[in-house]
Undergrad: 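Have a look at the structure that comes next, please.
These numbers come from a predicted model, not from an experiment. Lettering follows sequence order; numbering is per chain, from 1.
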Number of protein chains: 2
Amino acid sequence: MPTYSAPVKDVTFLLNDVLEVQRHGNLPGFADATPDMIDAIVSEGARFCEEVLAPLNAVGDREGCTRHDDGSVTTPTGFRDAYATYRDNGWIALSMPEAHGGQGLPSTLNTVIQEFMTGANLAWSMYPGLSQGAAAALMEHASEAQKALYLPKLASGAWSGTMNLTEPHCGTDLGQIKTKAVPNGDGSYKISGQKIFISAGEHDLTENIVHLVLARIEGAPEGTKGISLFVVPKFLPDDNGEPGARNLVSCGSLEEKMGIHGNATCVMNYDEATGWLVGEENRGLAAMFVMMNEARLAVGVQGLGQSEVAYQNAAAYAKERLQGRSLSGAKYPDAKADPILVHPDVRRTLLSIRAFNEAARALVLWTALQSDIAHRSDDEKAAQAADDHMGLMTPVIKGVLTDVGFDNTVAAQQMLGGHGYVEEWGMSQFVRDARIAMIYEGANGIQALDLVGRKLPKNGGRAVMAFFTEVGTFLKENGENADLAPLLGPLKSGLDDLQGATMWFMNNAMKAPDNAGAGSSDYMHLFGTVALGYMWARMAKVARAKLAAGDEDTEFLETKLVLARHFMERHMPETALRRARVEAGAETMMSLAAEAF
Amino acid sequence: MPTYSAPVKDVTFLLNDVLEVQRHGNLPGFADATPDMIDAIVSEGARFCEEVLAPLNAVGDREGCTRHDDGSVTTPTGFRDAYATYRDNGWIALSMPEAHGGQGLPSTLNTVIQEFMTGANLAWSMYPGLSQGAAAALMEHASEAQKALYLPKLASGAWSGTMNLTEPHCGTDLGQIKTKAVPNGDGSYKISGQKIFISAGEHDLTENIVHLVLARIEGAPEGTKGISLFVVPKFLPDDNGEPGARNLVSCGSLEEKMGIHGNATCVMNYDEATGWLVGEENRGLAAMFVMMNEARLAVGVQGLGQSEVAYQNAAAYAKERLQGRSLSGAKYPDAKADPILVHPDVRRTLLSIRAFNEAARALVLWTALQSDIAHRSDDEKAAQAADDHMGLMTPVIKGVLTDVGFDNTVAAQQMLGGHGYVEEWGMSQFVRDARIAMIYEGANGIQALDLVGRKLPKNGGRAVMAFFTEVGTFLKENGENADLAPLLGPLKSGLDDLQGATMWFMNNAMKAPDNAGAGSSDYMHLFGTVALGYMWARMAKVARAKLAAGDEDTEFLETKLVLARHFMERHMPETALRRARVEAGAETMMSLAAEAF
């Protein structure tokens, strides 16, 4: 049975040494985040994920969820108890504002716990994850009365949340939504329609479920400009704000999926269900985007979480499985065979996964910290720069961390040979679970288009220019550092390729947008490789400095230096390939008639 | 529900126009393979796969196999009938020698049908596939009496075959095999032990099952030099060669797997089962390798088959799914949205899969033709060259076609968004089924080591030098062809990278074999990319010539030219990345202690 060990040490290294969160003590909530406090929270979260969530992961996969004839849904054995523990310990509102019942701690810390939860049990983690997304959307767009009604319930975990966007005929193209809303005259609406792929749409973990639903008010304009956001609770709140009458929304069926069996993916039927408008009429997409951006970062973290747990189990197997001998002669001549970890190809696979994981974790936490600065800083310029960073990195983190995270689960599965293919060892589940993250919250092709079509040109390229400047400045400031030279050369090449590809888009895609579309996925990965490489350069610099200062944790720090070099030698050269593909343009793609496909 | 359409036209283009099989009319069996005959066989095979096997694919996935308390195993609904049709039509012995009950046709044709079968229904195709492998091993190593007893039964499909290698503690490292064989004194042996992951180990398709089993004769030397091969039939043949008494071999359980649910993957228990030695004592591994080499090529074909069917269903979806608008303005303004095929990123994905599939098919058939030449030609030099080619390309085809084939099923699944993740649409099954091909018959890391460690240095590099010469000669002979120039430049770069990486191994891996291991997987893919690129150059040359000669099938031929360019622009540049990784060597891999992983 697979196990999970939360990467606590790596997280504290990143927070305290690389990102130096203590320097942000002036931000609300950060003063409380002392190294001791961080250590306590992270360790406690790690324990919960390792001891409670991880053992339920295979259970959830095997049992799945069950829909009963009355439309109710039962989650797998143990999920309810785990949720009760999680709820009672207040995890869900770790970084929600104190005014709404939260603890007000940095959302960076919440992101740390998200990674642990998604590594330990992705399907389970989606239940509270959706509640956090729903709370974020309500916090931004709901009326004060709605906030007062729903936010404390979501913050306490008594109620959970969902996002209802997709319909059978539309996912990406939400302008086609048909679910309709008819005003009741009392400020409420009758919502009717069918939504599909609704994660956590129905379950037995909470006493109420708060559905956020995109629908079209009768007579609204066609397309995306006629979509409004509604809050549709499973049980209508009574006068005391407690669950009252059953609303006319129900789970029609559960989807049979490749993975995340422990999460209930529902077809939701709205039959004149009562709902209330959130925010302005016909501005529902904008409101939902708040939720989606939160969700996209969280989904990127899922890619990392699955990659991490897959690595851990593959590495453990490679150390234990005795098979064959080292190419350079037996390493354990007294054993019947060497462990397969002696083989360079096995080590290559493991190190490549790990060099990705540790840089991805740095990128995620760096970006989460920017989110805190964007939302909490009263320095407008700093807040704007942080918000720029967030917007730019959201599609990169979502797209690259889930694409590569999935590939890494496959590579880790491969280490176990036939044992990786049978369900007994759990590696198959990591692959099947990780696969969804490339799809939901905007398939990765959409992330790439968001990056190239929206985020690059936004504000005259301000965000991307700031990123280039940041990496360029780092290269310049450390140019004399001989220790870092073997890393900075490749990083410089990568940055050159990224800037070159960006320039190519400016020159070739403005008038011919197909050139942007054709290169978008490769550009996104090019961007990700440079961003991850920059993380390695920063981590290596800190590791070198700590070693030079006599830090005694030499194995940890020296391993960082090896991984940094591994990344630069074997992954950074990808940027030239990605750039070549971008610059190949759209011609072969667009020259065939539809019938030729 | 997914569908399958066998690529008949592409196959006949390859056989008749690119490989010109008619030029080999002097080989036994080839005189019968006239264009009309090829057309008839290929079309008939296509119909069987499309109409009988493909509709059973999802059934097999959903139902799986069932083991009953008596150890018997039932295959999914419809599998038996399909097998009966297949058997009665003589497909299994298409290319087996006439002396043993076969039809003696080129094995190239058998490979064509293999691709169709694996595309239509991978799990089902494994039952006859293993019979063909078992027959090949017996043909090469069994006594005349054994051949007379078993081969006609395998050729008629009345009996089926299996390979029993893996044990719980050993897969790759067969020297650790514990299954033992004790002589009975009458030429037979008592076989005892447990084998795992035995595909088609028990089922209800045939009246008998012929297990080929690796075991250790009492007192044999340790390691691989003490392994012998035995034939252990499920029912002992009676005096008439018909199934008699039940042998003491049984299926202990079925594995729960990620995919290929329709194939029975068995734990096989041998409890003093009666078996007979095949070939010489302690030379079992060599005998089994015949079977494994056949099987490795067939497994490569499975990667292609799954990639092809995944492409077809993704392309169909992309033409039908209306979602959003083209970046360059609505293409179907009267429809509620454009089909997603208008998007360059969707086309990029589809064309990349297809540019792989068509080149992979060419490489497979070219290599299958070499197999025919190696086995049937009486020109010793030609036979040797063909055998060199086969040996060299076997790990490349197995490793690259299954790695990339799997990635392609994932990319195709992505085209369907959430619909790709739910089981209803069938794309998930392609991914789950394709995954096994990277693992069995030697995990792909083993293929890479076989290529680098055995096939490159064999006979002083004769095989690889012949390949370099062949591609180099093609480049030289067509250097003046302006039409081909945009393809030949990239092919030349790819060949340079391959030769450079090969040279690097010669200079750096002889004394430090870890450098070979560290670069082996990247080298295998580098080799594959060049081989596939060479196929595109050859196909493009033929397509150009046919167009110049006024061939009227312009859409087919011009699409070939677009795909060739797409491959050269977007895939061939990978060779530089692969070479850089090879030349990075093993240092980062080997510098960490085992505990650091």
Undergrad: Compare all side-chain heavy atoms of A:Met258 with those of B:Gln413 and state whether any distance is below 4.5 angstrom.
TA: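 A:Met258 vs B:Gln413: side chains touch.
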
Undergrad: Between B:Ala580 and A:Pro573, which heavy-atom pair has the shortest distance, and what is it?
TA: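 Scanning both residues, the minimum pair turns out to be CB-CB, 4.4 Å.
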
Undergrad: When rounded to the nearest 0.5 angstrom, what distance separates OG1 in B:Thr172 from CZ in A:Arg321?
TA: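 Atom-to-atom, B:Thr172:OG1 and A:Arg321:CZ are 7.5 Å apart.
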
Undergrad: Going by salt bridge (charged side-chain N to carboxylate O under 4.0 Å, His left out), name the residues that satisfy it together with B:Arg62, two or more places apart in sequence or in a different chain.
TA: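 B:Arg62 satisfies salt bridge (charged side-chain N to carboxylate O under 4.0 Å, His left out) with no residue once adjacent residues are dropped.
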
Undergrad: Pick one of side chain, backbone, both or neither for B:Phe556, based on which atoms fall under 4.5 Å of a heavy atom in chain A.
TA: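 Contact with chain A: none, neither part.
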
Undergrad: Around B:Lys331, counting heavy atoms of other residues, nucleotides and ligands shown, do more than 12 lie under 6.0 Å from its NZ?
TA: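 Enclosed.
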
Undergrad: Tell me, side chain or backbone of A:Leu341 under 4.5 Å from chain B's heavy atoms, or both, or neither?
TA: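 The answer is the side chain of A:Leu341.
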
Undergrad: Looking at every non-hydrogen atom in both residues, tell me the closest pair between A:Ala337 and B:Asp173 and how far apart they are.
TA: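 That would be CB-OD2, 3.8 Å.
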
Undergrad: Show, in sequence, the C-alpha distance, side-chain angles and deciding distance for A:Met438 and B:Val410, and conclude whether the side-chain contact (heavy atoms from CB on, under 4.5 Å) test is met.
TA: CA-CA 10 Å; A:Met438 297 159 72; B:Val410 173; 4.1 Å; yes

Undergrad: I need the minimum non-hydrogen distance between B:Leu351 and A:Thr588, along with the two atoms involved.
TA: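 Taking B:Leu351 first and A:Thr588 second, the nearest heavy atoms are CD1-O, 3.4 Å.
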
Undergrad: Is the shortest side-chain heavy-atom distance between A:Gln323 and B:His169 below 4.5 Å?
TA: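 No, side chains not in contact.
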
Undergrad: Pick whichever of B:Ala315, B:Ala518, B:Ala516, B:Ala443 has the most heavy-atom pairs under 4.5 Å with chain A.
TA: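 That would be B:Ala518.
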
Undergrad: Could you check A:Arg565, A:Arg570, A:Arg347 and say which one makes a salt bridge (Lys or Arg N to Asp or Glu O under 4.0 Å) with B:Glu587?
TA: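 Going through A:Arg565, A:Arg570, A:Arg347 one by one, the salt bridge (Lys or Arg N to Asp or Glu O under 4.0 Å) with B:Glu587 is satisfied by A:Arg565 alone.
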
Undergrad: Contact part of B:Val342 toward chain A, heavy-atom cut-off under 4.5 Å: side chain, backbone, both or neither?
TA: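 Interface part for B:Val342: backbone (N, CA, C, O).
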
Undergrad: Against chain B, label A:Ser520 side chain, backbone, both or neither, depending on which of its atoms sit under 4.5 Å from a heavy atom there.
TA: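 The side chain, not the backbone.
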
Undergrad: With a 4.5 angstrom heavy-atom cut-off, is it the side chain or the backbone of A:Leu416 that approaches chain B, or both, or neither?
TA: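 Neither part.
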
Undergrad: Once you round to the nearest 0.5 Å, how far does OG of A:Ser591 lie from NE2 of B:His566?
TA: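 Answer rounded to 0.5 Å: 10.0 Å.
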
Undergrad: Set out, in order, the CA-CA distance, both residues' side-chain angles and the distance that settles side-chain contact (heavy atoms from CB on, under 4.5 Å) for A:His419 and B:Ile196, then state yes or no.
TA: CA-CA 10 Å; A:His419 298 285; B:Ile196 64 169; 3.9 Å; yes

Undergrad: Which bit of A:Ala576 is near chain B, if near means a heavy-atom gap under 4.5 Å: side chain, backbone, both or neither?
TA: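 For A:Ala576, there is no contact with chain B at all, as no heavy atom is under 4.5 Å.
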
Undergrad: Which one of A:Leu563, A:Val562, A:Ile436 has the most heavy-atom pairs closer than 4.5 Å to chain B?
TA: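 Of the options given, most contacts go to A:Ile436.
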
Undergrad: Roughly how far apart are A:Ile446 CD1 and B:Asp345 CG, rounded to 0.5 Å?
TA: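 Taking CD1 in A:Ile446 and CG in B:Asp345, the distance rounds to 8.5 Å.
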
Undergrad: A:His343, A:Arg432, A:Glu424: which one forms the most heavy-atom pairs within less than 4.5 Å of chain B?
TA: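 Counting heavy-atom pairs under 4.5 Å, the top option is A:Arg432.
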
Undergrad: Which atom names give the shortest non-hydrogen contact between A:Arg348 and B:Asp522, and what distance separates them?
TA: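 Taking every non-hydrogen atom into account, CD-OD2, 4.2 Å.
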
Undergrad: Where does B:Gln176 contact chain A at under 4.5 Å (heavy atoms): side chain, backbone, both or neither?
TA: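 The side chain, not the backbone.
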
Undergrad: Measuring only between side-chain heavy atoms, which start at C-beta, is B:Tyr421 closer than 4.5 Å to A:Phe197?
TA: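 A side-chain contact is absent here, since even the closest heavy-atom pair is not under 4.5 Å.
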
Undergrad: For a 4.5 angstrom cut-off between non-hydrogen side-chain atoms, does B:Leu327 reach A:Leu449?
TA: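 They are in side-chain contact.
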
Undergrad: Roughly how far, to the nearest 0.5 Å, is SG of A:Cys170 from CG of B:Leu322?
TA: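 B:Leu322 CG to A:Cys170 SG: 11.5 Å, rounded to 0.5 Å.
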
Undergrad: Which atoms form the tightest heavy-atom contact between B:Pro344 and A:Gly517, and what is the distance?
TA: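 Looking at all heavy atoms of both residues, the closest pair is CB-C, 3.8 Å.
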
Undergrad: Are A:Arg581 and B:Glu574 within salt-bridge range, i.e. N to O under 4.0 Å?
TA: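 Yes.
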
Undergrad: Which distance, rounded to the nearest 0.5 Å, do you find between the CD of B:Glu256 and the OG of A:Ser428?
TA: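 If we round to the nearest 0.5 Å, B:Glu256:CD and A:Ser428:OG are 10.0 Å apart.
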
Undergrad: Taking all non-hydrogen atoms of both residues, which atom of A:Gln414 and which atom of B:Asn444 are closest, and how far apart?
TA: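 That would be NE2-N, 3.5 Å.
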
Undergrad: May I ask you to name which of B:Gln429, B:Arg435, B:Glu255 has the most heavy-atom pairs under 4.5 Å with chain A?
TA: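 That would be B:Arg435.
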
Undergrad: So which part of B:Ile340 gets closer than 4.5 Å to some heavy atom of chain A, the side chain, the backbone, both or neither?
TA: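 For B:Ile340, no heavy atom lies under 4.5 Å from chain A.
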
Undergrad: May I ask you to check whether over 12 heavy atoms, not counting those of A:Lys319, lie within 6.0 Å of atom NZ?
TA: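 Enclosed: over 12 neighbouring heavy atoms sit under 6.0 Å from NZ of A:Lys319.
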
